[in-house]
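What follows is one structure encoded as structure tokens, with my remarks underneath.
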Amino acid sequence: MSTPQLVVHHDKELMAQAAAARLITKIVDAQASRGSASVVLTGGRNGNGLLAALAAAPARDAIDWGRLDLWWGDERFLPEGDPERNVTQAREALLDTVPLDPKRVHAMPASDGPFGADVEAAAASYAEELARAAGPENHGAVPTFDVLMLGVGPDTHVASLFPELPAVRETQRTVVGVHGAPKPPPTRVTLTLPAIRAAREVWLLAAGEDKAQAAAIALSGAGEIQAPAAGAYGRARTLWLLDSAAASQLPRSLYPPASS
């Protein structure tokens, strides 16, 4: 378990640009040292804002896009191409503009896919895909992601792990179906905390006053069942990327500044 580090930016635009630059560096470094990189994307306004900033960054050309594996932390269980699906939004923000290897873009199943409306079967299939991608060096049922990004909800949810719901209590499976999510749509597919914690680095993104209380709760020692963001951490590093509004309720003196 890595101690959370905080980086606070003046506003959400600067946060997105800085996070995009940081991600480019991490991907390039991973590709230089291991030949490829593995990143887990997040949806929502902060995740999509980061992808849009990455699309606009000239330094994006330093990435070898054909040697990048992309995964998702969660997905809304809706038909393929639905504008509310995270993968649809990611394609619009970035993915359709860069030369990715389609076989390395690991979207979560849609509700009109081979499993139909069976969200549990869809989740099990994604878990199997993760397991196939995990090598002996990963010591588990998922790859050791280089960076796993998560947006933080106003209720402290991350991915589709909502406070008190069964998914946040899962300790064995790496991917589960979610029923009755308090945020629409109610049916989703999500990585679990054990899968999230397999990442080398976990980055939690929060911008806006509506995220301030959630950040303060998650960073104040709250339990992961009540505040799922508190249970999201990486093997080597846990990085909270915030704007000043989201950080406004934090006792910043308690947390060390992050290094680059």
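Sequential numbering from 1 along the given sequence is applied to the chain's residues. Basis for what follows: all heavy atoms, side chains included, without hydrogens, waters or symmetry-related copies.
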For residues 141-150, the salt bridge (Lys or Arg N to Asp or Glu O under 4.0 Å) pairs (sequence neighbours left out) are Arg34-Asp146, Asp146-Arg200
Quick check: is Leu250 connected to Trp203 through a chain of hydrophobic side chains (ILVMFWY, heavy atoms under 4.5 Å apart)? yes
The reported gap from CG in Leu191 to CG in Asp74 (rounded to nearest 0.5 angstrom) is 8.0 Å
How many angstroms lie between CZ in Arg104 and CZ in Arg67, if you round to the nearest 0.5 Å? 8.0 Å
Going by the rule salt bridge (Lys or Arg N to Asp or Glu O under 4.0 Å), which residues pair with Asp101 if we only count those two or more places apart in sequence or in a different chain? Lys103
Side-chain contact, heavy-atom cut-off 4.5 Å: Gln226 with Glu164? yes
CZ-CG distance between Phe77 and Asp118, expressed to the nearest 0.5 angstrom: 7.0 Å
Please report the C-alpha distance between Ile63 and Val28 in whole Å, then the side-chain angles of each, then the deciding distance to 0.1 Å, and finally whether the side-chain contact (heavy atoms from CB on, under 4.5 Å) criterion is met. CA-CA 6 Å; Ile63 295 172; Val28 170; 4.1 Å; yes
Drop me the distance from Arg237's CZ to Lys26's NZ, to the nearest 0.5 angstrom. 5.5 Å
Only pairs at least two apart or in different chains count here, so list each side-chain hydrogen bond (donor to acceptor under 3.5 Å, both in side chains) that has a residue in residues 122-135. His106-Glu129
Do you know the tightest heavy-atom contact between Ala207 and Asp243? CA-OD1, 3.3 Å
Minimal non-hydrogen separation, Leu242 against Ala247, with atom names: CD1-CB, 4.0 Å
Working to the nearest 0.5 angstrom, can you tell me the gap between Ile225 CD1 and Leu161 CG? 9.5 Å
Return each pair, listed once, that meets salt bridge (Lys or Arg N to Asp or Glu O under 4.0 Å) where at least one residue sits in residues 217-229; pairs must be two or more places apart or across chains. Arg197-Glu224
So which pairs with a foot in residues 39-55 pass side-chain hydrogen bond (donor to acceptor under 3.5 Å, both in side chains), sequence neighbours left out? Arg45-Asp210, Asn48-Gln89
Could you check if a side-chain atom of Leu165 sits within less than 4.5 angstrom of a side-chain atom of His157, using non-hydrogen atoms only? no
Show every donor-acceptor pair shorter than 3.5 Å between a side-chain atom in residues 172-187 and any protein atom, with sequence neighbours excluded, or say none if there are none.
from	atom 1	to	atom 2	distance (Å)
Arg173	NE	Glu170	OE1	3.3
Arg173	NH2	Glu170	OE1	3.0
His179	NE2	Glu120	OE2	3.1

So if I apply the side-chain contact (heavy atoms from CB on, under 4.5 Å) rule between Ile27 and each of Leu23, Thr25, Ile24, which one comes out positive? Leu23
Output yes when a side-chain donor or acceptor of Gln249 lies under 3.5 Å from a complementary backbone atom of Ala215, and no otherwise. no
Taking all non-hydrogen atoms of both residues into account, name the closest pair between Ile217 and Ser220 and its distance. O-OG, 2.8 Å
Residues which pass ring-ring contact (aromatic ring centres under 6.0 Å, His included) with Phe115, listed by chain and number, not counting sequence neighbours: none
Look only at the side chain of Arg188 and the backbone of Ser160, and say whether a donor-acceptor pair between them is shorter than 3.5 Å. no
With sequence neighbours excluded, tell me which residues meet side-chain contact (heavy atoms from CB on, under 4.5 Å) with Val98. Arg60, Trp65, Leu94, Leu100
Can you list the residues that meet the side-chain contact (heavy atoms from CB on, under 4.5 Å) rule with Ala93, with sequence neighbours excluded? Leu51
Check for a donor-acceptor pair, side chain of Glu75 on one end and backbone N or O of Val87 on the other, with a separation under 3.5 Å. yes
Identify all side-chain donor-acceptor contacts of residues 8-17 below 3.5 Å with residues at least two apart in sequence or on another chain.
from	atom 1	to	atom 2	distance (Å)
Asp11	OD1	Glu13	N	3.2
Asp11	OD1	Leu14	N	2.8

Of all heavy-atom pairs between Leu241 and Ala19, which one has the smallest distance, and what is that distance? CD1-CB, 3.8 Å
Between Leu150 and Val7, is there shared hydrophobic-cluster membership here, with clusters defined by ILVMFWY side-chain heavy atoms closer than 4.5 Å? yes
Enter the distance from Leu41:CG to Trp72:CH2 here, rounded to the nearest 0.5 Å. 5.0 Å
Does the pair Leu50 and Met149 meet the rule for a side-chain contact (heavy atoms from CB on, under 4.5 Å), with working shown? CA-CA 10 Å; Leu50 186 155; Met149 295 181 288; 3.7 Å; yes
Tell me every residue that passes side-chain contact (heavy atoms from CB on, under 4.5 Å) with Glu92, counting only those two or more places apart in sequence or in another chain. Thr88
Looking only at heavy atoms, the pair that brings Thr156 and Pro228 closest together is OG1-CD, 3.3 Å
If a pair satisfies salt bridge (Lys or Arg N to Asp or Glu O under 4.0 Å) and one of its residues is in residues 147-158, list it, with sequence neighbours excluded. none
What I'd like to find out is whether the side chain of Arg76 reaches to under 4.5 Å of the side chain of Asn86, using heavy atoms alone. yes
Could you tell me if the side chain of Arg22 sits less than 4.5 Å from the side chain of Leu239, heavy atoms only? yes
Please tell me whether Phe162 and Leu78 are part of a single hydrophobic cluster in this structure, the criterion being side-chain heavy atoms less than 4.5 Å apart. no
Heavy atoms of Ala110 and Pro79 approach each other most closely as CB-C, 3.9 Å
